[in-house]
Enquirer: 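This is the structure I have questions about; it appears just below.
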Amino acid sequence: QVRLVESGGGLVQAGGSLRLSCAASGRTNSNYGMGWFRQAPGKEREFVAAISWSGGGTYYADSVKGRFTISRGNAKNTVYLQMNSLKPEDTAVYYCAAGISPAPMSPAAEYRYWGQGTQVTVSS
């Protein structure tokens with residue numbers, strides 16, 4: 001069992017930045033990729049970004065490419081999402097997830113463990 005706890009969400013004006021963090025605890029001795037997803041009110045959960053176990057591979061949704069950066073701490077049990085140039089359409093609950101494989105994957109089905117989510121609100 002892996003427990004994931006997100007932090008860093010909040011309210012920011014359009015054009016601003018936020019940095020989300022996700023700390024993993026529990027059975028963290030397996031090699032797993034990690035990802036960020038988001039869900040806006042009335043919409044389905046969507047993929048945002050993913051990073052491989054080693055941290056050397058990343059993958060982004062087109063909607064955030066060039067604005068968001070995913071990274072992984074040296075201890076491998078923490079993952080970050082730096083969000084710059086935020087837009088009102090980025091408003092959502094952001095979820096951290098731990099994957100089945102070491103590779104960075106986009107489908108939600110490739111992730112076994114999920115955090116509780118952190119709210120990001122971008123005002124216009």
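Index from 1, following the sequence.
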Enquirer: Per the side chain to side chain donor-acceptor pair (under 3.5 Å) rule, what does the pair list look like for residues 94-111, sequence neighbours excluded?
Expert: Arg38-Tyr94
Enquirer: Can you name the closest pair of heavy atoms from Val93 and Gly117 and give their distance?
Expert: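 Between these two residues, the closest heavy atoms are CG1-CA, 3.8 Å.
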Enquirer: For Ala14 versus Ser124, what's the shortest heavy-atom pair and its separation?
Expert: CB-CA, 4.4 Å
Enquirer: Any idea which heavy atoms bring Val48 and Val64 closest together, and the distance?
Expert: O-CG2, 3.5 Å
Enquirer: Please examine the side chains of Pro102 and Ser52, heavy atoms only from C-beta on, and report whether any two atoms are closer than 4.5 Å.
Expert: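 They are not in contact (no side-chain heavy atoms under 4.5 Å apart), so the answer is no.
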Enquirer: Provide the closest heavy-atom pair for Leu11 versus Ser123 in the form atom of the first, atom of the second, distance.
Expert: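 For Leu11 and Ser123, the tightest heavy-atom pair comes out as CD1-CB, 4.4 Å.
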Enquirer: What's the separation between atom CE in Met83 and atom CZ in Phe68, rounded to the nearest 0.5 Å?
Expert: 5.0 Å
Enquirer: To the nearest 0.5 Å, what is the distance between OG on Ser17 and CD on Gln82?
Expert: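 If we round to the nearest 0.5 Å, Ser17:OG and Gln82:CD are 5.5 Å apart.
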Enquirer: Just verifying a value: how many Å separate Leu18 CG and Thr121 OG1, rounded to the nearest 0.5 Å?
Expert: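 These two atoms lie 9.5 Å from each other.
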Enquirer: Tell me whether Val2 is reachable from Trp36 by hopping between hydrophobic residues (I, L, V, M, F, W, Y) whose side-chain heavy atoms are closer than 4.5 Å.
Expert: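 In one cluster: yes.
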Enquirer: Strictly by disulfide bond (SG atoms under 2.5 Å apart), give each pair with a member in residues 95-124 just once, sequence neighbours left out.
Expert: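 Listed by first then second residue: Cys22-Cys96.
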Enquirer: Answer yes or no: is there a side-chain heavy-atom contact under 4.5 Å between Leu4 and Trp114?
Expert: no
Enquirer: Can you tell me how far OG1 of Thr78 sits from NZ of Lys76, rounded to the nearest 0.5 angstrom?
Expert: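 So the gap between those two atoms works out to 11.0 Å.
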Enquirer: Got a salt bridge between Asp62 and Lys65, using NZ or NE/NH1/NH2 to carboxylate O under 4.0 Å?
Expert: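 Answer for the salt bridge query: yes.
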Enquirer: Looking at Val122, is its backbone amide N or carbonyl O close enough to the side chain of Gln13 to form a donor-acceptor pair, meaning the two atoms are under 3.5 Å apart?
Expert: no
Enquirer: Does the structure place the NZ or CZ of Arg19 under 6.0 Å from the centre of the six-membered ring of Tyr80, at an angle of no more than 45° from the ring's axis?
Expert: yes
Enquirer: Measure the shortest side-chain to side-chain distance between Gln1 and Tyr113 over non-hydrogen atoms and say whether it is less than 4.5 angstrom.
Expert: yes
Enquirer: Might you confirm whether atom OH of Tyr59 has over 12 heavy atoms from other residues, nucleotides or ligands at distances under 6.0 Å?
Expert: no
Enquirer: Leu86 and Phe37: same hydrophobic cluster, using ILVMFWY side-chain contacts below 4.5 Å?
Expert: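 In one cluster: no.
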Enquirer: Does the pair Arg72 and Trp53 meet the rule for a side-chain contact (heavy atoms from CB on, under 4.5 Å), with working shown?
Expert: CA-CA 8 Å; Arg72 198 155 189 166; Trp53 165 250; 3.3 Å; yes
Enquirer: Is the shortest heavy-atom distance from the side chain of Val79 to the side chain of Leu20 under 4.5 Å?
Expert: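 No, their side chains stay 4.5 Å or more apart.
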Enquirer: Ignoring hydrogens, what is the shortest heavy-atom contact between Ile70 and Met34? Give both atom names and the distance.
Expert: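 Smallest interatomic distance, heavy atoms only, reads CD1-O, 4.1 Å.
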Enquirer: Pair Tyr60, Thr69 - check side-chain contact (heavy atoms from CB on, under 4.5 Å), show working.
Expert: CA-CA 8 Å; Tyr60 295 92; Thr69 302; 3.8 Å; yes
Enquirer: Quick one about Thr91 and Glu89 (side-chain donor to acceptor, distance below 3.5 Å, no hydrogens or angles considered), yes or no?
Expert: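 There is no such pair between these side chains.
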